[in-house]
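Each remark here refers to the structure printed beneath this line.
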There are 2 protein chains.
Amino acid sequence: MTEPMYRQIADDLRARIESGAFAQGAKLPTESELRVGYGAARNTVREAVRLLASRGLVESRPGLGTFVTRHVEPFVTTLAAAPLPGGQGAPLASGIGEDDGFAGIRAQGRTPSASGPQVIVEPAADSVAVRLGVPSGAQVVGRRRERYIDGRPWSLRTSYYPFEFVAKGGTDLVRAEGLPGGAAAYLEQRLGLVQVGYTEHILVRPPMADEAKFLELPDDGRESVLTVVRTCYWSAEYGLAPFKVTVTVLPADRVVLVINSGVVPGGTAPEPAPGDHADSAVA
Amino acid sequence: MTEPMYRQIADDLRARIESGAFAQGAKLPTESELRVGYGAARNTVREAVRLLASRGLVESRPGLGTFVTRHVEPFVTTLAAAPLPGGQGAPLASGIGEDDGFAGIRAQGRTPSASGPQVIVEPAADSVAVRLGVPSGAQVVGRRRERYIDGRPWSLRTSYYPFEFVAKGGTDLVRAEGLPGGAAAYLEQRLGLVQVGYTEHILVRPPMADEAKFLELPDDGRESVLTVVRTCYWSAEYGLAPFKVTVTVLPADRVVLVINSGVVPGGTAPEPAPGDHADSAVA
DNA sequence: GCAAATTTGTTCGTATGTATT
DNA sequence: CAATACATACGAACAAATTTG
């Protein structure tokens, strides 16, 4: 029944953090100070601090000290605003996959920006090949942008197209420049592709090295990324066919996705409610 | 530039795991064996194992040993199948929030089950109160079910209603029994509430104690839960009003949400592509 | 049911390396 | 360069969980 000492120390430190005794960003006592304060070995207080770090409450930096993690306000992204069967409603394209979403970000009083697209031509990863309807390992064109909010890294978005689109007239796909009017308009104009629907897959997974680096996620595998994979379809002569796969990678703990369906209050998504982290509490 | 020894050991073990030298569920060498194998102190190999454990590659159990984590196939859940403005399409209610979703689960060849509802009457958490449009701390009725797939815990779902619904005729809301025909039909029959739309909020957060226990998540704060909060609206005389808030909590690393919009292939959601964990890789 | 053996978990002490100011 | 603070590494001992005889 008796808790190990390092857990007791961790619980005590947690209580002091949550009570506000240590404010966000404040420096914790050094390991030496904690050692004498709790009458434990330095290794033991290190175990306690490590436990808190693994839960994201504190961060340690060599030569500096240990600091209470600053809480980042989650950012609300409207994923889809689907209309009712008979009715009026938001257009098909919206939010995370289709346009740049900049209007929605500005509406929240924050400043979006993005890098110019980086163009990658490579054999398709399996997940992309399957969704894009091309053979495994077939060449695809990837157009990747790094997106920022208020100057801080926010998301990585890569759109993949079959490489044959380039040969069939979509030569600008491999130019590392923005497409005036957007990729959708370009593909419609050059190739006659008109989007009629899309499927989105949402999943949470550990970040890959490049993602962790850009999003400034810790290297300890604690924080995950939320990934939205949008597969876009057009109506070809022979039936529905995918023509684009867009992969958006976001830090999982800093994002709230919103989906509206049918008639909902306001044209825009509601703000996140306070205390979303306490949802579903049971007495 | 030289990597610390515990990282080298961890990298070597990882390579051996990923190469298949240690299969899923296989037992790693004991700490004593690793100590002599790598010529390091036991604490050092423990650091290496801890690093792998923090990334979810292995799990240690006292008295038994350390084992390669078994990969759990993610389960696909269709969140919304929104129809086109003019068109035919799936009905408004579907997937995770509205019905029980059992049909979709059976369609994947798996066996769903659920506990009978547990009824909770308590002051609303802030997030519920705001979304349900009741004063902070007002009494709400919560109906919670524990849901299983193939006998393994899958999700916790709690639907909240204003307590005044009970006084106004919805007395069965506080009975710990299933409502024949579902809660929607019951509310329509007894109170004349017809759902016209809903908003869903999707977020990732650390599990609370009861959630971690039910979902069998490790206690180390590594795995998160994915939470879907659905707010349902009806068209009251005075305008749109929320009447139900449903909170669904799922293990974040075992779920893929699917959203269809417009015309997409098949009536049902596509299977998850292989290697979703490698999405958006850049050469 | 108990005792022994095995294996991981906790705690201590010490020394040295590395990052930052 | 010096001081400070966290990071790495070693060695040792005992505790707790589990299996086995």
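Every heavy atom of this structure was used, including side-chain atoms; hydrogens, water molecules and symmetry mates were not. Quick note on labels: first sequence line is chain A, next is B, and so on, each numbered from 1.
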* **Phosphate OP1/OP2 of C:dT11: any A:Thr44 side-chain N/O under 4.0 Å** => no
* In whole angstrom, what separates B:Glu3's CD from D:dA7's C1'? -> 13 Å
* Structure fact -> Rounded to whole Å, OH of B:Tyr6 lies from C1' of D:dG11 at a distance of 20 Å
* Structure fact -> Side-chain contact check for A:Thr30: nearest option of D:dA5, C:dT11, D:dT8 is D:dA5
* **Nucleotide D:dT20, atom C1' - distance to CG of B:Leu64 in whole Å** => 12 Å
* **With B:Tyr148, the side-chain hydrogen bond (donor to acceptor under 3.5 Å, both in side chains) member among B:Arg145, B:Arg152, B:Glu146** => B:Glu146
* Structure fact -> Which of D:dT18, C:dT11, C:dA19 is nearest the side chain of A:Pro62? It is C:dA19
* Rounded to the nearest Å, what distance is computed from the CZ atom of residue A:Arg50 to the P atom of nucleotide D:dA5? -> 20 Å
* Taking for each residue the nucleotide of DNA chain C with the nearest heavy atom, is it A:Met5 or B:Arg61 whose nucleotide lies nearer the 5' end? -> B:Arg61
* Between C:dT10 atom C1' and A:Tyr38 atom OH, what is the distance in whole Å? -> 18 Å
* Asked: Got more than 12 heavy atoms from elsewhere within 6.0 Å of NZ, A:Lys213?
  -> no
* To do: Specify the separation, in whole Å, of atom CG of B:Asn43 and atom P of D:dT8.
  => 13 Å
* **Presence of donor-acceptor pair under 3.5 Å, side chain of A:Arg42 and base of D:dA7** => yes
* **Salt bridge B:Asp210-B:Arg144, side-chain N to carboxylate O under 4.0 Å** => yes
* So what does B:Thr66 touch, heavy atoms closer than 4.0 Å: a base, only the sugar-phosphate, or nothing? -> sugar-phosphate
* DNA chain C: A:Gly63 or A:Ala41, which has the more 5' nearest nucleotide? -> A:Ala41
* Charged N to carboxylate O below 4.0 Å: is that the case for A:Glu47 and B:Arg50? -> yes
* Does the cation-pi check pass for B:Arg110 over B:Phe75, that is, NZ or CZ under 6.0 Å from the six-membered ring centre and within 45° of its axis? -> no
* Could you state the CZ-P distance from B:Arg7 to D:dT8, rounded to the nearest angstrom? -> 6 Å
